[in-house]
There are 2 protein chains.
Amino acid sequence: MTPTNRISWKDVRDEIHEAILTGRYGPGDRLPRDADIAVQLNCARSTVQRAMQDLTDSGLVERRRKGGTRVRPDPVTRATFDIPVTRREIEQKGGRYGYQLIHSAEKDAPRGVLAACEISSPCRMQQIEALHLSDGQPYILEDRWVSFETVPEIRDLDLTRQSANEWLVTNKPYSRCDLRFYAISADDRTAELLNTVPGAALFVIERTTWLDAAPITTVKAITTPGYHLLTTI
Amino acid sequence: MTPTNRISWKDVRDEIHEAILTGRYGPGDRLPRDADIAVQLNCARSTVQRAMQDLTDSGLVERRRKGGTRVRPDPVTRATFDIPVTRREIEQKGGRYGYQLIHSAEKDAPRGVLAACEISSPCRMQQIEALHLSDGQPYILEDRWVSFETVPEIRDLDLTRQSANEWLVTNKPYSRCDLRFYAISADDRTAELLNTVPGAALFVIERTTWLDAAPITTVKAITTPGYHLLTTI
DNA sequence: TGACAAAATAAGTAGCTACATAATATCGTT
DNA sequence: AACGATATTATGTAGCTACTTATTTTGTCA
């Protein structure tokens with residue numbers, strides 16, 4: 001008998017979450033200590049600990065040694081996004097993926113790129129412009145700069161067949177990644193490449209990756225009008 | 001003697017991460033089972049478990065019972081964003097916060113709002129338009145719809161002094177939150193309110209919150225030109 | 001009163017055991 | 001060979017103990 005009357009850490013988490021939702025604990029309030037909650041809910045402290053860790057990760061509570069656990073006084077909305085390889089993103093939406101290299105050349109990295117990579121001295125990098133297509137229509141225009149130092153192979157890669165996006169992601173794992181989201185107005189050239197009108201509002205995903213302190217690549221992914229980025233549920 | 005030669009789960013995580021970075025395990029490869037790693041690194045299986053959980057959360061590996069652990073074959077960039085209350089966001093950037101109610105009235109919720117709230121039948125809601133200012137300059141224009149059913153108090157609130165953003169966040173915790181990011185072109189009215197030119201590209205953060213199945217509010221936060229959203233490090 | 005040292009406290013971490021659960025692998029039967 | 005029942009396996013979870021660490025509180029002395 002006794003059909004799993006054990007309580008799971010998710011139960012504990014939901015219980016506490018519920019108590020915050022119903023206002024039993026408001027922003028800034030201190031929660032009972034783990035050990036007391038454990039006794040009250042008849043479970044082990046480690047179970048409460050796991051539940052609390054989850055609530056901390058989701059930004060709902062703050063924990064400090066000796067200070068105890070309290071509901072965050074300045075609630076934040078914490079959201080997680082998954083940004084897949086562009087090919088997969090298009091295929092998952094049911095589109096037929098297409099790829100087109102526009103341009104690839106060695107150049108002096110401009111100021112903005114150096115800043116994104118957090119390097120101060122001038123530097124030559126490989127600039128790659130490419131278009132990702134869904135069902136033949138432009139989907140994302142990527143403007144990428146790749147560091148020779150971290151990715152020497154980039155000189156000899158055939159980027160007409162495989163995108164740098166895909167090659168890098170499978171061959172150059174990173175230890176740090178910064179993302180920036182913003183909007184730009186399409187200039188004439190961008191508009192033409194993306195098959196839209198100059199001045200159109202475009203959503204931009206900018207990403208820089210590093211291996212330890214060394215920058216790998218920085219890329220500006222300019223999306224077509226109507227592009228929405230959603231939280232992963 | 002023996003000055004903490006115990007190995008931490010973060011050490012284990014970094015060790016495995018390192019092994020993936022250096023290519024010892026590539027996308028799709030299967031890692032040794034937890035127990036073996038534990039023996040190899042001379043720690044308990046629970047320590048390896050914790051490390052693996054962290055690597056799973058960051059999207060680097062996949063774990064399946066009996067199937068074992070493998071490096072994700074389709075690597076994703078997983079990013080976390082914190083979106084604070086607008087007042088705090090402005091203050092943290094060193095700006096002086098200002099707030100201005102533009103308009104508040106009961107209305108039939110339009111299609112888009114109903115869709116965002118995932119409700120099918122027509123519904124009356126409170127529409128609130130307000131402007132958040134930084135150092136007297138427009139910063140974010142918010143177009144908000146609040147459900148009477150979940151938030152009956154909204155009828156009697158004085159929104160000329162306190163923003164709905166702030167009131168809701170401290171008084172109506174949510175159990176679910178969806179976010180959408182995209183870009184729009186400023187129409188004449190938006191441009192005037194945000195003190196910019198019609199056609200300017202604006203970054204939009206749209207957010208809908210629920211308490212269980214019941215929608216609380218959906219809000220379109222239209223930012224001023226130049227707004228960037230960064231990952232939290 | 002103020003400053004500093006010592007004690008107390010609550011979370012964090014590591015280790016162990018035991019059992020649950022979900023996949024997969026195996027084997028026997030038709 | 002195809003199928004289904006069964007065994008095996010690797011991760012998931014819960015409980016316990018012991019110890020560590022950061023932080024606050026208390027206490028003592030100048």
Side-chain angles (χ1 to χ4, degrees), chain A residues 1-20 24-25 27-74, chain B residues 1-20 24-25 27-74:
Chain A
M1 315 313 103
T2 65
T4 340
N5 42 10
R6 273 182 159 181
I7 180 174
S8 133
W9 67 268
K10 288 178 183 173
D11 298 333
V12 176
R13 179 197 58 189
D14 294 345
E15 195 92 17
I16 298 166
H17 192 171
E18 186 64 22
I20 296 172
R24 190 148 99 242
Y25 303 107
D29 285 2
R30 181 165 170 182
L31 270 59
R33 24 193 277 254
D34 291 7
D36 291 346
I37 293 178
V39 170
Q40 223 194 328
L41 299 181
N42 190 35
C43 67
R45 176 161 84 87
S46 48
T47 308
V48 178
Q49 157 83 25
R50 238 169 302 182
M52 286 300 193
Q53 201 47 60
D54 197 63
L55 291 169
T56 306
D57 289 344
S58 66
L60 202 63
V61 303
E62 282 175 334
R63 278 160 78 76
R64 283 164 72 183
R65 287 174 166 164
K66 165 85 182 179
T69 307
R70 43 189 69 229
V71 181
R72 274 185 78 131
D74 58 328
Chain B
M1 319 305 105
T2 65
T4 338
N5 42 9
R6 272 180 160 184
I7 179 172
S8 136
W9 66 268
K10 288 179 182 172
D11 297 335
V12 176
R13 178 197 59 189
D14 294 344
E15 194 93 17
I16 298 165
H17 192 170
E18 186 65 22
I20 295 172
R24 189 147 101 243
Y25 302 107
D29 284 2
R30 183 165 170 182
L31 271 59
R33 25 192 276 253
D34 291 7
D36 290 346
I37 293 177
V39 170
Q40 223 194 330
L41 299 181
N42 188 36
C43 66
R45 176 163 83 89
S46 48
T47 308
V48 178
Q49 157 82 25
R50 236 168 304 182
M52 286 300 193
Q53 202 47 59
D54 196 63
L55 291 169
T56 305
D57 289 345
S58 65
L60 201 63
V61 303
E62 281 175 333
R63 277 159 78 76
R64 282 163 72 182
R65 287 173 167 165
K66 168 83 184 180
T69 307
R70 43 188 69 230
V71 181
R72 273 186 78 132
D74 58 328

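What you see is a predicted model, and the numbers here were worked out from it, not measured in a lab. In what follows, chains carry the letters A, B, and so on, assigned in the order in which the sequence lines appear, proteins first and then strands, with residues in each chain numbered from 1.
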Enter the distance from [X]:[atom1] to [Y]:[atom2] here, rounded to the nearest 0.5 Å.
X     : Y     : atom1 : atom2 : result
A:R30 : A:T69 : CZ    : OG1   : 8.0 Å
B:N42 : B:R6  : CG    : CZ    : 11.0 Å
B:L55 : B:I20 : CG    : CD1   : 6.0 Å
A:I16 : A:D11 : CD1   : CG    : 11.0 Å

A:D34 side chain: which of C:dG15, C:dA11, C:dA8 is closest?
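For the A:D34 side chain, the nearest candidate turns out to be C:dA11.
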B:K66 side chain, from C-beta outward: closest of C:dT13, D:dA10, D:dT9
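For the B:K66 side chain, the nearest candidate turns out to be D:dT9.
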Provide, to the nearest angstrom, the distance between the [atom1] atom belonging to [X] and the [atom2] atom belonging to [N].
X     : N      : atom1 : atom2 : answer
A:I16 : C:dA11 : CD1   : C1'   : 14 Å
A:R50 : C:dA14 : CZ    : C1'   : 13 Å
A:R13 : D:dA14 : CZ    : P     : 11 Å
B:I7  : C:dG15 : CD1   : C1'   : 13 Å
A:K10 : D:dT13 : NZ    : P     : 5 Å
A:I37 : C:dA10 : CD1   : P     : 12 Å
B:R63 : D:dT13 : CZ    : P     : 10 Å
A:E62 : C:dA10 : CD    : P     : 18 Å

Classify the nucleic acid contact of B:G67 as base, sugar-phosphate or nothing, counting any heavy atom under 4.0 Å across all strands shown.
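Counting heavy atoms under 4.0 Å across all strands, no contact is made by B:G67.
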Find out whether A:I37 and A:E15 are in side-chain contact, i.e. whether some heavy atom of one side chain is under 4.5 Å from a heavy atom of the other.
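No, too far: nothing below the 4.5 Å cut-off.
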Measuring only between side-chain heavy atoms, which start at C-beta, is B:L31 closer than 4.5 Å to B:M52?
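Yes, their side chains come closer than 4.5 Å.
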Please determine if a side-chain N or O atom of [X] lies less than 4.0 Å away from the OP1 or OP2 oxygen of [N].
X     : N      : value
B:R33 : D:dA10 : yes
B:T47 : C:dG15 : yes
A:R65 : C:dT9  : no
B:Q49 : D:dG12 : yes
B:R64 : C:dA22 : no
A:T69 : C:dA10 : no

Any side-chain to backbone donor/acceptor pair from B:R70 onto B:E62? Under 3.5 Å, distance only.
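No, B:R70 side chain to B:E62 backbone: no donor-acceptor pair under 3.5 Å.
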Is there a side-chain contact (heavy atoms from CB on, under 4.5 Å) between B:R50 and B:Q53? Walk through the geometry before answering.
CA-CA 5 Å; B:R50 236 168 304 182; B:Q53 202 47 59; 5.6 Å; no
Identify, between A:S8 and B:G68, the residue whose nearest nucleotide on DNA chain D lies closer to the 5' end.
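The answer here is B:G68.
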Considering only nitrogen or oxygen atoms on both sides, find all protein atoms under 3.5 Å from nucleotides 16-19 of chain D and state each distance.
none

